[in-house]
Asks: 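For reference, the structure I am asking about is given below.
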2 protein chains.
Amino acid sequence: MKEKQTSHVPVRPDERLARLVRLAARGFNRALQLRLQTENVTFGQWIFLRILWQEDGLSQRELSDRAHLTEPTAHTALIKMEELGFIERRNVEGNKRRQHAFLTRKGLELRDVLEPLALEVNDAAMAGLSKKAQEDLRHALAVMIRNLENDEQDAAARGVRVPPTKGNTEN
Amino acid sequence: MKEKQTSHVPVRPDERLARLVRLAARGFNRALQLRLQTENVTFGQWIFLRILWQEDGLSQRELSDRAHLTEPTAHTALIKMEELGFIERRNVEGNKRRQHAFLTRKGLELRDVLEPLALEVNDAAMAGLSKKAQEDLRHALAVMIRNLENDEQDAAARGVRVPPTKGNTEN
DNA sequence: GCATTAAAGATAGATATCTAATATTAGATG
DNA sequence: CATCTAATATTAGATATCTATCTTTAATGC
């Protein structure tokens, strides 16, 4: 446990909340990746697989929207996934613009292997939290997410250019 | 509001928690970056500045530990920050290995500008949450973080190679 | 129906992160 | 005190993400 708990200098509680949220997100990510790698699936692939298990045959645009990722990101992930044989990309009904992604047998079968891993992570994370605490937690997170979305939209309305949020889920 | 709320197919509540945490983390990141960019400070720079404001003169290793980032990441960030005149890197007391980072006047002065921005984000995020709800939230997050840390250590103990957690704070 | 506009995807280039390998300095040990 | 080991920093290379731009196809308006 090398975790140095903000040693001597006190940290304002306000400040700490954002960090806690980021640390928790990081914990989830790492715990999940740890499990996914045993099946040779990356985190990014998991994201799109999960969406396709719910709604197969979405277009690249629809996928990137649902994943909250940009199209180039979806593009490269999907190309890779096609290479790996998880999906097949093709046009449908005479529309040559849209590239729809369809799960292959292999992609479908991954569901039974991978979904339990995600549930395992959730269970591990919530150990020791009562049902009520979990419910309250979800509610509080939902409120914060909405608050922060509004904040971003207000900013955008004021003409601020919103930059990408890069990798760090930590601090 | 293009947010398509998991349309028709129900999502298991368990699954949703991890996503909520990641979305909240993303919200915090974006909201903060939005503000930092008006001062031409990147998120990564903010991370190290914040640490140095608490403890000036830390070594690169100490900084990367506290930031939960790798040394190469800290290295490039610090080099850039030196270029920008936020810090000065130098050895101390005859130890030629350690590279310590010291805030310049400019780096110090940023504190008064940047810290209020972070508090603003926290305030925005917590709008509509009671003091108690906030306290419970912190507690629940702390529990999850600890749970997930233990999970990772268990995995490591079993000899699993822990991969990096890449950018996506989203899904 | 032809020309313009919009939609969707692909590509190029930048950034931040990671792992792995290398170099340098300090400390420990025979 | 010479050599080995550990600590620290640096460099190189890979990956995933982003923005911006370009290309292709569809839809719209005269």
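In what follows, chains carry the letters A, B, and so on, assigned in the order in which the sequence lines appear, proteins first and then strands, with residues in each chain numbered from 1. What's counted below: heavy atoms across the whole structure, side chains too, no hydrogens, waters or symmetry copies.
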Asks: Without swapping roles, check the side chain of A/Ser59 against the backbone of A/His100 for a donor-acceptor pair under 3.5 Å.
Replies: no
Asks: In this structure, how many angstroms lie between the P atom of C/dA16 and the CD1 atom of B/Ile79, rounded?
Replies: 14 Å
Asks: Using whole Å, what does the distance between atom P of nucleotide D/dC18 and atom CZ of B/Phe43 come to?
Replies: 15 Å
Asks: Less than 4.0 angstrom from a charged side-chain N to a carboxylate O is my criterion; do A/Arg111 and A/Glu109 meet it?
Replies: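 Answer for the salt bridge query: no.
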Asks: Kindly point out which of D/dT11, C/dT17, C/dA12 is positioned nearest to the side chain of A/Pro72?
Replies: C/dA12
Asks: Nucleotides 4-7 of chain C: which of its N/O atoms have a protein N/O under 3.5 Å away?
Replies:
{"from": "C/dA7", "atom 1": "O4'", "to": "A/Arg97", "atom 2": "NH1", "distance (Å)": "3.4"}
{"from": "C/dA7", "atom 1": "N3", "to": "A/Arg97", "atom 2": "NH1", "distance (Å)": "3.1"}

Asks: Would you classify B/Gln60 as touching base, sugar-phosphate or nothing, given that sugar-phosphate means primed atoms plus P, OP1 and OP2, and contacts are heavy atoms under 4.0 Å?
Replies: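 Touches a base.
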Asks: Rounded to whole angstroms, how far apart are CD on A/Glu71 and P on D/dT17?
Replies: 14 Å
Asks: Looking at A/Arg61 and A/Asp65, does any basic side-chain N land under 4.0 Å from a carboxylate oxygen?
Replies: no
Asks: Salt bridge check, B/Glu55 against B/Arg66: does any charged N sit closer than 4.0 Å to a carboxylate O?
Replies: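 Salt bridge flag = yes for B/Glu55 with B/Arg66.
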Asks: Just how far, in rounded Å, is C1' of D/dT10 from NZ of B/Lys80?
Replies: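 B/Lys80 atom NZ is separated from D/dT10 atom C1' by 18 Å.
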Asks: Please pick, from C/dA10, C/dC18, D/dA26, the nucleotide with the shortest atom-to-atom distance to any side-chain atom of A/Asn95.
Replies: D/dA26
Asks: Taking the six-membered ring of B/Phe102 as reference, does the NZ or CZ atom of B/Arg90 fall below 6.0 Å from its centre and within a 45° cone about the axis?
Replies: yes
Asks: Looking at A/Thr73, does any N or O in its side chain come under 4.0 Å of the phosphate oxygens OP1/OP2 on D/dA16?
Replies: no
Asks: Rounded to whole Å, how long is the line connecting atom CG of A/Asn29 with atom P of C/dT17?
Replies: 15 Å
Asks: Let me know, please, whether A/Gly44 or A/Lys96 comes out on the 5' side of the other along DNA chain D by nearest nucleotide.
Replies: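 Between the two, 5'-proximity favours A/Gly44.
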Asks: Just the rounded figure in Å: distance from C1' of C/dA16 to CH2 of B/Trp46.
Replies: 19 Å
Asks: Taking only N and O in the side chain of A/Thr70, is any of them less than 4.0 Å away from OP1 or OP2 of D/dT17?
Replies: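 Indeed not, no polar side-chain atom of A/Thr70 lies that close.
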Asks: In whole Å, what is the span from the CD atom of B/Gln33 to the P atom of D/dT19?
Replies: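 Value for this atom pair: 10 Å.
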Asks: Kindly indicate, with the supporting measurements, whether the criterion salt bridge (charged side-chain N to carboxylate O under 4.0 Å, His left out) is fulfilled by B/Glu83 and B/Lys80.
Replies: CA-CA 5 Å; B/Glu83 247 176 72; B/Lys80 184 68 183 175; 3.7 Å; yes
Asks: Got a salt bridge between A/Glu135 and A/Arg138, using NZ or NE/NH1/NH2 to carboxylate O under 4.0 Å?
Replies: yes
Asks: To the nearest angstrom, how far is B/His75 atom NE2 from C/dA23 atom C1'?
Replies: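 Roughly 12 Å, once rounded to whole Å.
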Asks: Toward the 5' end of DNA chain D, which comes first, A/Thr76 or B/His100, by nearest nucleotide?
Replies: B/His100
